[in-house]
Amino acid sequence: MPTTQTARTPILTLPPDVAERIAAGEVIERPVSVVKELVENAIDADAHEIRVEIRGGGLRLIRVTDDGYGIPEDELERACARHSTSKISSVEDLSHLHTLGFRGEALASIATVSELTLLSRAIETEEMGEEHAAALITFRNGEVTQRARRARLHGTTVTVRDLFYNVPARLKFMRDPRTEGGHITQLMRRFAVGYPGIRFHLTIEERQVLQTSGTGNLATTLAELYHLPLAEMLNALSFRSSEEGGAQSFELNGYIGNRALAQASRQHITLFINGRLVQSRPLQSALEAGYAGLLPKGKHPLLVLRIDLPAEELDANVHPAKTEVKLAREAGVAAAVTKTIRAVLERSPALPEDMQLPGPALVYQRRLHVPYRRGLRVAESAHEYPASPGAAEVLATLRPLAQLQQAVILAEAPDGSLYLIDQHRAHERVIYEHLRRVYTGAGVQPGEQEEQWAESHLLLEPVIVELKRHEAELFEQRLPILRGLGLECERFGGRSFLVRSVPNSAGQEQLVGYLPELARIASEDSNEWQDRLLIGLACRSALRRGRELGIDEQRSLISALASASAPAVCPHGSPILLHYSRTFLVDKFDW
Ligand code: ADP
Ligand code: MG
């Protein structure tokens, strides 16, 4: 690890042949680049605690304080000169770096675009018991503008003021302090997970936005950063390569969050190689190949991966900001990354379609491929979905066993196979088909109309819904249709309507809260409104997940589902049933 340098070596100016070998280019592009360089310096100095303070999005002030080994007074000025570093001295050193820094350019670059103050006390002066042994130096316009001494314990405080004051082109692009604050927060979160043994503090515009306790435990650090009890949501990643053909081994360590923690962005993926926060396209692809198909589509995990390999196998000298690296055994490392992530995610709840046949399988899966068709679907009937062999018969024979997580009914089929039934979607399907029958029945078969009109549940307190002017007109025209569905409404003057009743169902109480939403659907100016309203009514009145069901309720839900024309898929097109065949059990248990 880069932090294991024990005795500090003096800061010297690199000889030209070494300086020439260093990837040249702009290091300080924006405030977050300053923070990165200063925090890396603190880590290289063996700090246990690093505090970062930001004002004005980093343009007014960036201050990084550490308790590292400090800089002796007589080296302070040289620390800010170009190509001056204590970390390497020869070309060979470049091929086995043990520190994050090595270019000797960060402080020099910062000094040219800001007012830079260094206050530092070397750890050895403390041992000698000197007082006021911290030295201070300020640079502005490339000149020393202040020298002083202060009292402080060992460590270094670097203060950067008025960043880019002399680079108007840069300033123009830095309008929003919140954007910069966001980048800095992200960076600090990453350092915190890369170095769980260091206490990090970050204050932005006088608000503390991040704090870790430096326990050394990565899971604890993650919980501190995300303010979540993460213990059960994280899966540990670990892999150690075997030493074949004399190649030295490498190690992978870290955590990946489970499905529930998946995010729409890659912001919470952090990759460290030998303690270096890096971006690497090949490894990024390897990571993604690891979770592809195992997390919801388009989602990315909370993931921290630390790769440790022999220093000589990592070339960090390819990019001025040191964010890109080259690996000697890249293909091998990438393959291990993919494999390690997949292995872990495959053990934690996976999507059925990724599992090996013979199951569990989505029942009547082909129905899921029937695209959701916009428009009125009241004509939907069994013949649109070629009946699966014995679909309804199987459901009619299921015996409920129990309820899982108050959301899923477990049921046994006569052949000994297991069915999982999503209770909310099952009920939604049942209500939807019922409402649809009512709807199509109305006016078509007057004889059946009486019994098929949805029964309505009178609300003790009518609900007032307010619509926009053009909505109110359409809504009023549709009042008779709505009444047929059990939604008794009347105009209440202006654009307001009174809802007096809702369709009678187990979920009628919860429906009340959704009346404004449903009224808006019922006044949509499109010819999909009827179907959307039926789906809305079904969804909002269906049993929720989290509702406990007795065995009798489970049985009656299953039998209602058995008489549905499309029992495997909810009106939104999501699966209702999962089937673990007997063959699956025999196969997996090795019976
Ligand atoms: P580099 O990190 O590449 O060596 P820098 O310009 O970032 O170059 O820093 C120059 C030198 O200043 C470092 O080599 C180190 O000796 C010293 N230095 C900078 N920051 C610190 C710090 N926080 N604690 C101790 N020494 C520091
Ligand atoms: Mg540095």
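Every heavy atom of this structure was used, including side-chain atoms; hydrogens, water molecules and symmetry mates were not. On a predicted model such as this, the values are computed, not experimentally measured, just so you know. Counting starts at 1 for both ligands and their atoms, following the listed order. Throughout, residue positions are numbered sequentially from 1 according to the sequence presented.
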May I ask you to identify the nearest protein heavy atom to [atom], giving residue, atom name and distance to one decimal place in Å?
{"atom": "atom 23 (N) of ligand 1", "answer": "Asp66 OD2, 2.8 Å"}
{"atom": "atom 16 (O) of ligand 1", "answer": "Ser86 OG, 2.5 Å"}
{"atom": "atom 12 (O) of ligand 1", "answer": "Ala79 CB, 3.5 Å"}
{"atom": "atom 7 (O) of ligand 1", "answer": "Asn41 ND2, 2.8 Å"}
{"atom": "atom 2 (O) of ligand 1", "answer": "Lys87 NZ, 2.7 Å"}
{"atom": "atom 22 (C) of ligand 1", "answer": "Thr156 OG1, 3.7 Å"}
{"atom": "atom 3 (O) of ligand 1", "answer": "Gly104 N, 2.7 Å"}

Which part of [X] is near ligand 1, with near meaning a heavy atom under 4.0 Å away: side chain, backbone, both or neither?
{"X": "Leu107", "result": "both"}
{"X": "Glu40", "result": "neither"}
{"X": "Ser120", "result": "neither"}
{"X": "Leu100", "result": "neither"}
{"X": "Thr85", "result": "both"}

For Arg78 and Ser84, does a side-chain donor sit closer than 3.5 Å to a side-chain acceptor?
->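 No - no donor-acceptor pair under 3.5 Å links their side chains.
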
Kindly give the heavy-atom pair with the smallest separation between [X] and [Y], and that separation in Å.
{"X": "Val193", "Y": "Arg306", "result": "O-NH1, 4.3 Å"}
{"X": "Arg199", "Y": "Glu49", "result": "NH2-OE1, 2.8 Å"}
{"X": "Phe239", "Y": "Phe250", "result": "CE2-CE1, 3.9 Å"}
{"X": "Leu237", "Y": "Leu305", "result": "CD1-CD1, 4.0 Å"}
{"X": "Glu205", "Y": "Gly57", "result": "OE2-N, 2.9 Å"}
{"X": "Gly290", "Y": "Arg342", "result": "O-CG, 3.1 Å"}

Look at the aromatic rings of Phe272 and Tyr195 and report parallel, tilted or perpendicular, splitting at 30° and 60°.
-> perpendicular

If I apply the N/O under 3.5 Å rule, does [X] come out as touching ligand 1?
{"X": "Asp44", "answer": "no"}
{"X": "Gly101", "answer": "no"}
{"X": "Ile71", "answer": "no"}
{"X": "Ile11", "answer": "no"}
{"X": "Tyr69", "answer": "no"}

Leu314 and side chain to side chain contact (heavy atoms under 4.5 Å, CB included): which partner among Ile307, Asn274, Leu97?
-> Asn274

Taking Ile256 as the fixed residue, which of Val344, Leu287, Leu302 is the one that meets the side chain to side chain contact (heavy atoms under 4.5 Å, CB included) rule?
->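 It is Val344, the one option of Val344, Leu287, Leu302 that forms the side chain to side chain contact (heavy atoms under 4.5 Å, CB included) with Ile256.
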
Per-atom contacts, ligand 1 versus [X] - under 4.0 Å to a heavy atom:
{"X": "Ser84", "value": "10 (C)"}
{"X": "Arg103", "value": "3 (O)"}
{"X": "Ala45", "value": "24 (N), 25 (C)"}
{"X": "Glu105", "value": "6 (O), 8 (O)"}
{"X": "Gly70", "value": "25 (C)"}

Is Lys87 salt-bridged to Asp93, going by a charged N under 4.0 Å from an acidic O?
-> no

Tell me whether [X] at atom [atom1] has more than 12 heavy atoms from other residues, nucleotides or ligands lying less than 6.0 Å away.
{"X": "Glu206", "atom1": "CD", "answer": "no"}
{"X": "His48", "atom1": "NE2", "answer": "no"}
{"X": "Arg178", "atom1": "CZ", "answer": "no"}

Determine whether any heavy atom of Glu37 lies closer than 4.0 Å to an atom of ligand 1.
-> no

Using non-hydrogen atoms of the residue, decide whether Gly68 is closer than 4.0 angstrom to ligand 1.
-> no

Is it true that some N/O/S atom of Thr85, main chain or side chain, lies under 2.8 Å from the Mg ion (ligand 2)?
-> no

Within a strict 4.5 Å, meaning less than it, do heavy atoms of the Leu107 and Asn41 side chains meet?
->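 Counting from C-beta outward, Leu107 and Asn41 do come under 4.5 Å.
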
